[in-house]
> 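The structure follows.
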Amino acid sequence: MDKTAAPPSPASYGRGHRALEIAAIAFAFGSLLWIAVRIVAATHSVGGWLAIALAAVGGYIVSDLLSGFVHWAGDTVGDETTPIFGPNFVRPFRFHHVDPEDITRHDFVETNGNNCIVAAPVLAALLLIMPRETGALFYTSVVVAFTSFFVFCTNQFHKWAHTKNPAPWVRLLQRAGLILSPKHHVVHHTAPRDKYYCITVGWMNPLLDKIHFFRFCEAAITRINPRALRPDPADRPQKEAAAAIAMPS
């Protein structure tokens, strides 16, 4: 990978992929609505609703962790020339560091479609296996359902963290620390850009940073394939001024 040239802009997707994204969004919304109906029908006590609330928090934390791992992999493993993985996964993540505000120019479908494509098989499985009565499998399914929902939300929260003037209610949620905030996310966009990868809400970032989780992942991959990682984070190009503009206070 050329350390001096910025990765090229991701190619615009075609009508076929956009149609797939629209279908995945519709399926995700429909599946989550049906799962919500099942949850309401099966929950009849205060204790049951407390368990649902805990499952929601658990799903939020799991989605935050997953977002961090996927984000780290896109930023760190391979390069833009890696077959399949490179142009479809690595390039968009790395171009985001060149133009952090690019995500704010995506419409709802382009922002959220790919995450719904990823979540769709999981939701389809839940529709088949989720029991109608409470129990271990039921609550496990609820955690997975909430995780899928927040995975769907992740790119939208990330987009809002780069939006200069989001809606007042979005800014309120950001300031309350309930969704990813610009103040929190700017840590990731500050050189050497090798920490705070979690972008659903960011709750997991301080913990993962403290235990050096991603450095451990990098060391493990290096032992398997010393050439698998990108160049040092400090060598990656980024328009620092653009990053600063993208992060409102």
Side-chain angles (χ1 to χ4, degrees), residues 9-10 21-22 24-25 28-29 32-33 36 52-72 74-75 92-116 118-119 145-210 214 238-249:
S9 173
E21 288 184 331
I22 293 171
I25 291 172
F29 271 93
L32 289 168
L33 179 60
I52 298 299
L54 289 174
V57 174
Y60 207 21
I61 292 172
V62 172
S63 68
D64 198 40
L65 177 61
L66 290 175
S67 75
F69 186 81
V70 171
H71 187 179
W72 164 82
D75 274 9
F93 271 103
R94 301 193 187 170
F95 181 75
H96 176 65
H97 284 267
V98 177
D99 184 3
E101 292 188 356
D102 179 64
I103 191 174
T104 67
R105 296 187 285 272
H106 295 176
D107 64 10
F108 181 84
V109 172
E110 188 174 359
T111 298
N112 301 293
N114 281 335
N115 279 14
C116 287
V118 172
F146 274 111
T147 300
S148 299
F149 171 69
F150 290 122
V151 164
F152 158 72
C153 293
T154 292
N155 274 355
Q156 190 65 54
F157 293 168
H158 185 200
K159 176 181 177 178
W160 284 334
H162 284 279
T163 301
K164 293 180 181 178
N165 296 299
W169 64 271
V170 172
R171 184 61 60 82
L172 181 63
L173 291 175
Q174 290 174 338
R175 288 175 174 169
L178 297 178
I179 64 175
L180 184 69
S181 71
K183 183 178 180 180
H184 184 97
H185 188 47
V186 75
V187 176
H188 175 69
H189 281 271
T190 302
R193 300 178 288 280
D194 64 348
K195 62 178 66 175
Y196 277 40
Y197 292 99
C198 300
I199 53 174
T200 303
V201 61
W203 290 348
M204 293 297 294
N205 281 323
L207 174 62
L208 296 178
D209 191 41
K210 185 174 183 179
F214 293 113
Q238 176 164 340
K239 297 176 182 177
E240 299 291 352
I245 292 171
M247 296 296 173
S249 60

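All figures in this text were calculated on a predicted structure; none of them were measured in a lab. In what follows, every heavy atom counts, from backbone to side chain, and hydrogens, waters and symmetry copies are set aside.
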> Please report the closest heavy-atom contact between Ala24 and Gly113, naming both atoms and the distance.
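Looks like CB-O, 4.4 Å.
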> So which heavy atom on Thr190 is nearest to which on Val186, and how close?
OG1-O, 2.8 Å
> Using the rule given for side chain to side chain contact (heavy atoms under 4.5 Å, CB included), can you reason through Ile52 versus Phe146, listing the C-alpha separation, both sets of side-chain angles and the distance that settles it, and then say yes or no?
CA-CA 10 Å; Ile52 298 299; Phe146 274 111; 4.1 Å; yes
> With a 4.5 Å cut-off on side-chain heavy atoms, are His188 and Tyr197 touching?
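SC-SC contact between Tyr197 and His188 confirmed.
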> Return the orientation label for the Phe152 and Phe149 ring planes: parallel under 30°, perpendicular over 60°, tilted otherwise.
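Aromatic pair Phe152/Phe149 classed tilted.
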> Please tell me if the side chains of Leu208 and Phe214 come closer than 4.5 Å, counting only heavy atoms from C-beta onward.
yes
> Once side-chain hydrogen bond (donor to acceptor under 3.5 Å, both in side chains) is applied, do any residues pair with His184, and if so which ones, sequence neighbours excluded?
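In terms of side-chain hydrogen bond (donor to acceptor under 3.5 Å, both in side chains), with neighbours along the sequence ignored, His184 is linked to Asn205.
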> In Å, rounded to the nearest 0.5 Å, how long is the span from NE2 of His158 to OG1 of Thr163?
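If we round to the nearest 0.5 Å, His158:NE2 and Thr163:OG1 are 10.0 Å apart.
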> Would you say the side chain of Leu172 lies within less than 4.5 Å of the side chain of Arg175, judging by non-hydrogen atoms?
no
> For the residue pair Phe29 and Phe108, categorise the inter-ring angle as parallel (less than 30°), tilted (30 to 60°) or perpendicular (more than 60°).
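Because their plane-to-plane angle lies in the 30° to 60° range, the rings of Phe29 and Phe108 count as tilted.
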> Is the backbone of Val151 close enough, under 3.5 Å, to the side chain of Ser63 for a donor and an acceptor to pair up by distance?
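It does not hold such a pair.
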> Is the NZ atom of Lys195 crowded by more than 12 outside heavy atoms at less than 6.0 Å?
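Atom NZ in Lys195 is not packed in, count stays at 12 or less.
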> Under 3.5 Å, is there a donor-acceptor pair between the side chain of Trp160 and the main chain of Ala167?
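Checked: no pair found.
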> Side chains of Phe150 and Ile179: does their closest heavy-atom pair fall under 4.5 Å?
no
> State, with a plain yes or no, whether a side-chain heavy atom of Tyr196 is found less than 4.5 Å away from one of Pro206.
yes
> Tell me every residue that passes side-chain hydrogen bond (donor to acceptor under 3.5 Å, both in side chains) with Thr154, counting only those two or more places apart in sequence or in another chain.
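Counting only residues at least two positions away or on another chain, Thr154 forms a side-chain hydrogen bond (donor to acceptor under 3.5 Å, both in side chains) with Thr200.
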> Could you list the residues that satisfy side-chain hydrogen bond (donor to acceptor under 3.5 Å, both in side chains) with Asn115, not counting sequence neighbours?
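For Asn115 there are no side-chain hydrogen bond (donor to acceptor under 3.5 Å, both in side chains) partners, ignoring immediate neighbours.
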> Checking Lys159 side chain against Thr111 main chain: does a donor-acceptor pair fall under 3.5 Å?
no
